[in-house]
2 protein chains.
Amino acid sequence: MANASPIDILKQNNLKHTKQRIRVLEDISANATAVSQPALEKKLGKEIDRVTLYRILNTYVEKGILHRIVDQNGTANYAICSSACSAEQHHDEHVHFNCTNCNKVFCLATKVPEINITEGFKAEAISLIAYGICKECSKTLTL
Amino acid sequence: MANASPIDILKQNNLKHTKQRIRVLEDISANATAVSQPALEKKLGKEIDRVTLYRILNTYVEKGILHRIVDQNGTANYAICSSACSAEQHHDEHVHFNCTNCNKVFCLATKVPEINITEGFKAEAISLIAYGICKECSKTLTL
DNA sequence: TTAAGTGCAAAATCTTTGCAAATGT
DNA sequence: ACATTTGCAAAGATTTTGCACTTAA
């Protein structure tokens with residue numbers, strides 16, 4: 001249920017499987033944390049044109065293949081969606097953690113709790129990002 | 001406790017009260033919702049240089065005078081901090097609502113609930129943004 | 001074969017930096 | 001008078017657009 005191969009994912013979404021698209025999916029799956037756009041550019045910059053990367057990422061988000069998590073700096077981070085996601089109803093209802101030291105974005109197991117939204121407002125999605133120091137950096141930063 | 005005048009706020013923070021700084025505070029206070037940077041630029045563009053606006057907003061966020069709420073698009077929105085905020089410990093622990101129709105950002109009365117963060121991660125701040133249709137747009141969008 | 005996807009060039013934005021002139025205390 | 005703040009010019013970064021070439025089906 002969890003780890004479909006890049007090619008499977010592309011097939012399921014009627015997308016041509018080009019080597020650029022496959023590389024992007026491989027790279028993001030390989031990572032335990034969400035990957036920032038700058039990190040992707042740095043990593044794939046020689047294989048994939050910057051513009052193509054923008055287009056691939058947008059396509060993936062539209063199709064519900066990737067989550068886009070925008071952090072406090074306005075930087076986009078991408079993570080593979082769980083199987084529950086689809087292009088129509090895009091549920092990204094787990095908590096994200098953005099380390100203010102290493103800047104990595106983690107998808108936590110914690111689910112976003114029910115929120116009492118003010119009468120009259122209709123919430124369709126909720127983004128909950130915790131900012132602080134991640135597990136790794138906590139160890140290192142023994143100042 | 002709530003509505004200090006722009007000049008009072010500047011005095012309290014040892015900032016010179018220039019007409020540009022006062023205009024920014026007036027404009028943001030006048031609004032019930034948070035104000036986006038593009039909206040501020042559009043409104044104040046003839047009175048205040050774009051670069052000056054960046055600097056004023058950054059100063060205000062550093063001093064804890066304004067909250068910066070970054071929405072899904074990476075756009076910064078600004079709202080006056082409650083009295084509980086300070087430059088050192090900056091608590092912005094209420095829920096924000098970003099209307100996907102009019103793009104306005106509302107500060108809701110709802111507080112951010114306690115979250116169980118995964119062992120090892122140290123959360124220092126939490127941003128919770130609900131996306132959907134705001135009160136006003138709900139009325140209008142009777143499609 | 002042909003529709004979709006990529007790369008390159010270039011435009012449009014957005015954000016930061018440096019410095020001289022203006023302003024508040 | 002003096003330290004800050006502003007505005008302008010310019011550099012740097014990010015994101016979008018258009019179009020010819022390439023590639024997967």
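Chain letters run A, B, ... following the sequence lines, proteins first, then strands; residues in each count from 1.
For A:Thr100 (side chain) and A:Gly132 (main-chain N/O), a donor-acceptor pair under 3.5 Å exists by modelled atom type. Side-chain atoms of A:Tyr60 come within 3.5 Å of backbone N or O of A:Arg21 as a donor-acceptor pair. Side-chain atoms of A:Asn98 come within 3.5 Å of backbone N or O of A:Asn103 as a donor-acceptor pair.
The nearest whole Å value for the distance from the CG atom in A:Asn14 to the P atom in C:dG5 is 10 Å. In this entry the distance linking CD1 of A:Ile48 with P of C:dC8 reads 13 Å, nearest Å. Taking atom CD on A:Glu47 and atom P on C:dC8, their separation rounds to 14 Å, with Å as the unit. Atoms CG (B:Leu40) and P (C:dC14) sit 14 Å apart, rounded to a whole Å. The distance from atom CZ of A:Arg21 to atom P of D:dT23 is 15 Å, rounded to the nearest whole Å. Atom CD1 in B:Ile56 sits about 9 Å away from atom C1' in D:dT5, given to the nearest Å. Between A:Ile22 atom CD1 and C:dT6 atom C1' there is a gap of 14 Å when expressed in whole angstrom units. If you take CD of B:Glu62 and C1' of D:dT5, they are 14 Å apart, rounded to a whole angstrom.
Tracing side-chain contacts under 4.5 Å through hydrophobic residues (I, L, V, M, F, W, Y), one never reaches B:Ile69 starting from B:Tyr54; they form parts of separate clusters. At a threshold of 4.5 Å between side-chain heavy atoms, the hydrophobic network of Ile, Leu, Val, Met, Phe, Trp and Tyr places B:Leu44 and B:Leu10 in one connected group.
In the set D:dT16, C:dC19, C:dG5, C:dC19 carries the atom at the smallest distance from any side-chain atom of B:Arg55. Side-chain atoms of A:Lys16 lie closest to C:dA3 of the nucleotides C:dA3, D:dT14, D:dT17. Between D:dG7, C:dA4, C:dC8, one nucleotide has an atom nearer to the side chain of B:Asp49 than all others, and that is D:dG7.
Nucleic acid contact for B:Arg50: base, since at least one base atom lies under 4.0 Å from a heavy atom of the residue. Using a 4.0 Å heavy-atom cutoff across all strands shown, B:Thr52 reaches at least one base atom of the nucleic acid. No contact: B:Glu41 has no heavy atom under 4.0 Å from any strand.
Ring geometry, B:Phe121 versus A:Phe106: the interplanar angle exceeds 60°, so the pair is classed perpendicular (tilted spans 30 to 60°).
Between the two ends of the helix from C:dT1-D:dA25 to C:dT25-D:dA1, each summarised by a five-pair axis, the helix axis turns through 40° (rounded to 10 degrees).
Between A:Gln20 and C:dG7, a side-chain N or O to OP1/OP2 separation shorter than 4.0 Å is present. Residue A:Thr18 places at least one side-chain N or O closer than 4.0 Å to OP1 or OP2 of C:dT6. Distances shown here put every side-chain N or O of B:His17 at or beyond 4.0 Å from the OP1 or OP2 atom of C:dT23.
Rounding to the nearest 0.5 Å places OG1 of B:Thr75 at 9.0 Å from CD of B:Gln37. To the nearest 0.5 Å, atom SG of residue A:Cys99 and atom NZ of residue A:Lys135 are 13.5 Å apart.
Nearest-nucleotide mapping onto DNA chain C: of B:Lys19 and B:Gly74, the residue sitting toward the 5' end is B:Gly74.
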